[in-house]
Amino acid sequence: MASDAWRGMVGIIKPTKGSASLVEMIRMLPDGIGIIPLFNNIRHGKIEEFRAALPAYEEKIAELAEDQVDLIHAAGTPPFMLLGYKGEREIIERWEKQFKIPIFTSGTNQIAALKALKIKRFVGVGYDFEDTSIVRNYFTVAGFDVLGIERLPVPWEEVGRLSSTEVYYHVKRLFLKHPDADGIYFQGGKLRILDIIELLEQDLRIPVLHPGVAQAWEIQRRLNVRQPKTGYGRLLAEMP
């Protein structure tokens with residue numbers, strides 16, 4: 001056991017290099033949880049590139065298993081949502097059987113967080129897919145009602161440059177088209193929007209799922225840690 005991982009060690013595989021979302025997520029975790037990050041090299045955000053990434057994920061899962069981590073998070077919605085809800089679960093089951101370590105993806109994490117927040121009908125924004133029906137179909141098969149899912153109107157490489165206020169404006173307009181939604185969903189980690197999560201929850205009076213917050217929440221849950229943190233919305237503040 002590493003001295004800084006007395007609560008558990010987590011291996012994380014990020015789809016891209018230099019991801020600011022990793023830094024944000026680590027800051028949300030309590031002391032005593034160690035992180036070993038590995039990175040794939042997705043560069044352009046194209047569907048073909050995401051499809052080709054699965055062998056690289058498996059190689060890095062094997063590497064983390066050799067490091068004897070307590071938990072593995074294969075991050076990135078596109079590579080696994082492309083498999084579909086059932087296909088994703090099949091590959092997770094195969095990996096867990098092979099490597100003897102619990103594994104979760106961004107998709108399974110977001111499903112668990114949506115259920116914890118009691119969200120059944122949601123609107124959301126994303127950017128990873130040219131075709132948002134992939135996201136809609138994934139969550140529909142998982143039992144959710146996706147009232148509206150929109151792709152942000154910027155190239156994949158430039159999503160991180162959007163200001164949080166621009167994203168707030170976009171998602172609020174989407175919600176007002178679907179006022180019966182009981183939650184808001186953000187798909188990917190490139191968005192720098194932690195400062196608007198509580199604002200959206202206060203203004204629209206519904207919970208918000210932010211992918212990095214959901215990861216920090218599930219890591220604690222999986223490691224049997226419960227240390228609420230305010231400032232990032234209901235999921236971490238209330239730890240449902």
Side-chain angles (χ1 to χ4, degrees), residues 21 45 47 50 73-93 104-153 156 159 162 164 166-191 193-194 196-218 221 232-240:
S21 61
I47 286 180
F50 291 132
H73 175 35
T77 49
F80 300 98
M81 282 189 181
L82 283 167
L83 296 173
Y85 175 76
K86 294 179 181 178
E88 178 186 53
R89 270 153 179 73
E90 289 172 359
I91 198 169
I92 291 172
E93 289 175 6
F104 71 97
T105 65
S106 293
T108 62
N109 167 230
Q110 291 166 6
I111 287 172
L114 287 167
K115 290 180 177 179
L117 289 168
K118 295 181 168 45
I119 296 172
K120 296 180 180 179
R121 304 180 309 279
F122 65 83
V123 294
V125 295
Y127 57 84
D128 286 319
F129 292 108
E130 300 119 59
D131 180 4
T132 57
S133 67
I134 295 168
V135 182
R136 181 188 295 272
N137 293 342
Y138 175 86
F139 283 112
T140 299
V141 174
F144 298 93
D145 188 358
V146 184
L147 302 179
I149 185 87
E150 292 188 2
R151 191 173 189 269
L152 290 168
W156 183 83
V159 165
L162 284 173
S164 60
E166 289 177 286
V167 178
Y168 173 101
Y169 176 77
H170 186 86
V171 76
K172 186 175 182 178
R173 289 183 67 194
L174 178 59
F175 169 76
L176 292 175
K177 296 177 185 176
H178 304 277
D180 55 336
D182 58 16
I184 290 174
Y185 165 75
F186 288 105
Q187 183 191 342
K190 280 179 171 288
L191 298 169
I193 55 170
L194 283 176
I196 64 168
I197 302 307
E198 285 197 336
L199 287 175
L200 282 167
E201 290 187 337
Q202 290 167 12
D203 290 351
L204 305 182
R205 292 180 290 181
I206 58 174
V208 174
L209 188 145
H210 177 283
V213 175
Q215 289 166 1
W217 166 79
E218 180 148 0
R221 186 173 68 90
Y232 303 103
R234 294 185 198 175
L235 192 61
L236 271 190
E238 300 174 7
M239 294 293 293

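Heavy atoms only: backbone and side chains are in, while hydrogens, waters and symmetry mates are out.
Ring pair Phe104/His73 is parallel by interplanar angle, where below 30° counts as parallel and above 60° as perpendicular.
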Could you go step by step and tell me if Glu88 and Thr105 meet the side chain to side chain donor-acceptor pair (under 3.5 Å) rule? CA-CA 9 Å; Glu88 178 186 53; Thr105 65; 2.7 Å; yes

Show the numbers, then the answer: is there a side chain to side chain contact (heavy atoms under 4.5 Å, CB included) between Val208 and Leu117? CA-CA 8 Å; Val208 174; Leu117 289 168; over 6 Å; no

Leu147 vs Asp180, side chain to side chain contact (heavy atoms under 4.5 Å, CB included): CA-CA, chis, key distance, verdict: CA-CA 9 Å; Leu147 302 179; Asp180 55 336; 3.6 Å; yes

Set out, in order, the CA-CA distance, both residues' side-chain angles and the distance that settles side chain to side chain contact (heavy atoms under 4.5 Å, CB included) for Phe139 and Ile149, then state yes or no. CA-CA 11 Å; Phe139 283 112; Ile149 185 87; over 6 Å; no

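With hydrogens and angles ignored, the 3.5 Å screen pairs no side-chain donor or acceptor of Glu218 with any backbone N or O of Ala112. The main-chain N or O of Ala181 is never found under 3.5 Å from a side-chain atom of His178 such that the two would form a donor-acceptor pair. The backbone N or O of Pro211 lies less than 3.5 Å from no partner atom in the side chain of Gln110, so there is not a single donor-acceptor pair. Put simply, the side chain of Ser164 never gets that close to the backbone of Ile193: no donor and acceptor are under 3.5 Å apart. When atom types are taken as modelled, the side chain of Asp182 and the backbone of Arg121 share a donor-acceptor pair closer than 3.5 angstrom. A side-chain donor-acceptor contact under 3.5 Å links Trp217 to the backbone of Pro240.
When all heavy atoms are compared, the tightest approach of Leu235 to Ala113 is CD2-CB, 3.9 Å. Nearest heavy atoms, Leu191 versus Phe186: CD1-CD2, 4.0 Å. Taking both residues in full, the closest heavy atoms of Glu201 and Pro207 are given as OE2-CA, 3.5 Å, listed atom of the first, atom of the second, then distance.
Interatomic distance, Leu152 CG to Leu162 CG, rounded to the nearest 0.5 Å: 6.0 Å. Here CG of Asp145 is found 8.5 Å from CZ of Arg136. Values are rounded to the nearest 0.5 Å. Rounding to the nearest 0.5 angstrom, the gap separating the CD atom in Gln187 from the OG atom in Ser106 is 9.5 Å. Rounding to the nearest 0.5 Å places CZ of Arg89 at 11.5 Å from CG of Leu83. The NZ atom of Lys115 sits 13.0 Å away from the CG atom of Leu209 when rounded to the nearest 0.5 Å. Here Ile184 contributes atom CD1 and Lys172 contributes atom NZ; the two are 10.0 Å apart, rounded to the nearest 0.5 Å.
Each of Phe144, Tyr138, Phe122, Phe175 was checked for a ring-ring contact (aromatic ring centres under 6.0 Å, His included) with Tyr185, and the lone residue meeting it is Phe122.
Salt-bridge formation is not detected for the pair Glu150/Arg173: no Lys NZ or Arg NE/NH1/NH2 atom is positioned less than 4.0 Å from an Asp or Glu carboxylate oxygen.
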